[in-house]
Amino acid sequence: MALFKRKNTDSNLPDILPEHIAFIMDGNGRWAKKRGMPRKFGHREGAKNFKRITQYCKDIGIKNVTFYAFSTENWKRPKDEVEAIIELFREYIVDVRNYIGEEVRVLFLGDKKIFDDDLQKKMNDLEEDTKEYSKMTMLLAINYGGRDEIVHASKILAEKVRNNEIESEDIDEVMFQKYLYTADVPDVDLMIRPSGEVRLSNFLIWQSAYAEFYFTDVLWPDFSEKELNKALADFSRRSRRFGGV
């Protein structure tokens, strides 16, 4: 099982923690609407909370954290909202070293080709500059879709078969996983979705095959360290049998 025994002394945490937590950062727009503000204001508050939760996960020793920032379907949202999210993303790339420090590897999940060359370069440079860090891996899914990821991996393998690099009979789960965006990252142990919605929304559908799910009505900007502790406590009480008895 992908679990580890915590090393910190926070009595609010269970002894056993997940190795990989995934967050669907949902409810930003509703958070702003409740306060009579534009939806893009909620995304800015959500981005602030993203930084807080990332730092907290690092502090308590979580090895892998993935955040669903922007899906392949989110392009359908109002233009000003999309532009606000992309601008926040640009700010994140510039600011990440200031708030997360060294020893954290950063990976971006999704199809980068839709972004302009300058933004793609910043993403690639950050991945390259942090690739040797091992304290925590932080993954940010932007222009990401779980089905799209599986199709992307399938096309790569189909090309390898066509070029006689592999035989179709060689393809199994282990090989297939190597061509996902999360190639060397362990599967999700705990999937957390705030905001009251109870679905995956096309997020890490391969990697979450045996994940435990935690849903809460708290909107993402209000999802605090205390709320995460509740999710971790709930996770620690689950019986994970992975198809066994």
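One is the number of the first residue; the rest follow in order along the sequence.
Of all non-hydrogen atoms in Cys57 and Leu228, the two that sit nearest each other are SG-CD2, 3.9 Å. Here the closest non-hydrogen pair linking Pro194 and Leu219 is CB-C, 4.3 Å. Closest of all the heavy-atom pairs between Ser236 and Ile16 is CB-O, 4.3 Å. Pairing each heavy atom of Ile24 with each of Leu200, the nearest pair is CD1-O, 3.6 Å. When all heavy atoms are compared, the tightest approach of Pro221 to Asn49 is O-CG, 3.9 Å. Closest approach of Thr182 and Glu149 over heavy atoms only: N-OE2, 3.8 Å.
The hydrophobic cluster analysis finds Leu88 isolated: no Ile, Leu, Val, Met, Phe, Trp or Tyr side chain comes under 4.5 Å of it, directly or through other members. Annotation for Val174: hydrophobic cluster partners, listed by chain and number, are none (ILVMFWY side-chain heavy atoms under 4.5 Å, direct or chained).
The aromatic rings of Phe41 and Trp31 lie parallel to each other, with less than 30° between the two planes, well short of the 60° mark.
At a cut-off of 3.5 Å, with distance as the only test, no side-chain donor of Tyr68 or Asn74 sits close to an acceptor on the other residue. Between the side chains of Gln55 and Asp59, at least one donor N or O lies within less than 3.5 Å of an accepting N or O.
The cluster map of Ile, Leu, Val, Met, Phe, Trp and Tyr, joined by side-chain heavy atoms under 4.5 Å apart, puts Met191 and Ile53 in different clusters. Cluster membership check: Ile205 shares its hydrophobic cluster with Leu180, using side-chain heavy-atom separations under 4.5 Å among Ile, Leu, Val, Met, Phe, Trp and Tyr. Under the 4.5 Å side-chain contact rule for hydrophobic residues, Phe223 and Phe215 do not share a cluster.
Contact annotation: the side chain of Lys160 approaches that of Tyr179 to within less than 4.5 Å [non-hydrogen atoms, C-beta and beyond]. Contact of the Tyr56 side chain with the Ile62 side chain is not registered, since no non-hydrogen atoms from C-beta on lie closer than 4.5 Å. Taking 4.5 Å as the limit, some side-chain heavy atom of Ile171 sits within range of a side-chain heavy atom of Val161. In this structure, Val185 and Leu139 have side chains that are in contact, with non-hydrogen atoms separated by less than 4.5 Å. Between Phe213 and Val198 there is no side-chain heavy-atom pair separated by less than 4.5 Å. In this structure, the side chains of Glu83 and Ile86 stay at 4.5 Å or more apart for every pair of heavy atoms. The shortest side-chain heavy-atom distance between Met123 and Ile93 falls under the 4.5 Å cut-off. Looking only at side-chain heavy atoms (C-beta outward), Ile21 and Phe235 stay at 4.5 Å or farther from each other.
Under the salt bridge (Lys or Arg N to Asp or Glu O under 4.0 Å) criterion, the residue pairs touching residues 21-34 are Asp26-Arg30, Asp26-Arg193, Arg30-Glu197, with sequence neighbours excluded.
Side-chain atoms of His43 do not come within 3.5 Å of backbone N or O of Ile85 as any donor-acceptor pair. One N or O on the side chain of Asn202 and one on the backbone of Arg147 form a donor-acceptor pair closer than 3.5 Å. Panel note: side chain Glu19, backbone Lys63; no donor-acceptor pair is recorded below 3.5 Å. Of the possible polar contacts, one joining the Tyr144 side chain to the Leu204 backbone as a donor-acceptor pair under 3.5 Å is found. Put simply, the side chain of Asp111 gets close to the backbone of Lys113: a donor and an acceptor are under 3.5 Å apart. Not one N or O on the side chain of Glu227 forms a donor-acceptor pair closer than 3.5 Å with the backbone of Asp222.
Shown here are the side chain to side chain contact (heavy atoms under 4.5 Å, CB included) partners of Glu173, two or more places apart in sequence or in another chain: Trp206. Partners of Phe23 under the ring pair (Phe, Tyr, Trp, His ring centres under 6.0 Å) rule, at least two apart in sequence or in another chain, are Phe67, Trp220. Shown here are the ring pair (Phe, Tyr, Trp, His ring centres under 6.0 Å) partners of Phe89, two or more places apart in sequence or in another chain: Phe108.
Atom-to-atom distance recorded for Lys122:NZ and Asp129:CG is 12.5 Å, nearest 0.5 angstrom. Here the straight-line distance linking atom CZ of Phe176 with atom OG of Ser154 works out to 3.5 Å at 0.5 Å rounding. Here OG1 of Thr130 is found 15.0 Å from NZ of Lys135. Values are rounded to the nearest 0.5 Å. With rounding to the nearest 0.5 Å, the separation of CG in Leu126 from CG in Leu140 is 10.0 Å.
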Worksheet entry | Verdict with supporting geometry, Leu190 and Asp234, side chain to side chain contact (heavy atoms under 4.5 Å, CB included) | CA-CA 10 Å; Leu190 176 61; Asp234 183 81; over 6 Å; no
Item to complete: Give the C-alpha distance, both sets of side-chain angles, the deciding distance and a yes or no for side chain to side chain contact (heavy atoms under 4.5 Å, CB included) between Arg77 and Arg39.
Response: CA-CA 11 Å; Arg77 293 186 176 188; Arg39 288 175 57 86; 3.8 Å; yes
Discussion item. Could you walk me through whether Asp187 and Tyr210 satisfy the side chain to side chain contact (heavy atoms under 4.5 Å, CB included) test, starting with their C-alpha distance in whole Å, then the side-chain angles of each, then the deciding distance to 0.1 Å, before giving a yes or no?
Written reply: CA-CA 8 Å; Asp187 283 346; Tyr210 279 99; over 6 Å; no
Discussion item. Salt bridge (charged side-chain N to carboxylate O under 4.0 Å, His left out) for Asp116 and Arg90? Distances and angles first, verdict last.
Written reply: CA-CA 11 Å; Asp116 62 51; Arg90 286 183 179 277; 2.4 Å; yes
Practice prompt. Dump the intermediate steps for side chain to side chain contact (heavy atoms under 4.5 Å, CB included) on Tyr181 and Leu107, then the final yes or no.
Written response: CA-CA 9 Å; Tyr181 295 128; Leu107 294 176; over 6 Å; no
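A salt bridge between Glu91 and Arg44 is present, with a side-chain N of the basic residue lying under 4.0 Å from a carboxylate O of the acidic one.
Under the salt bridge (Lys or Arg N to Asp or Glu O under 4.0 Å) test applied with Glu127, the options Lys121, Lys112, Arg105 reduce to a single match, Lys112.
Around the CZ atom of Arg35, the shell of radius 6.0 Å holds more than 12 heavy atoms that belong to other residues, nucleotides or ligands.
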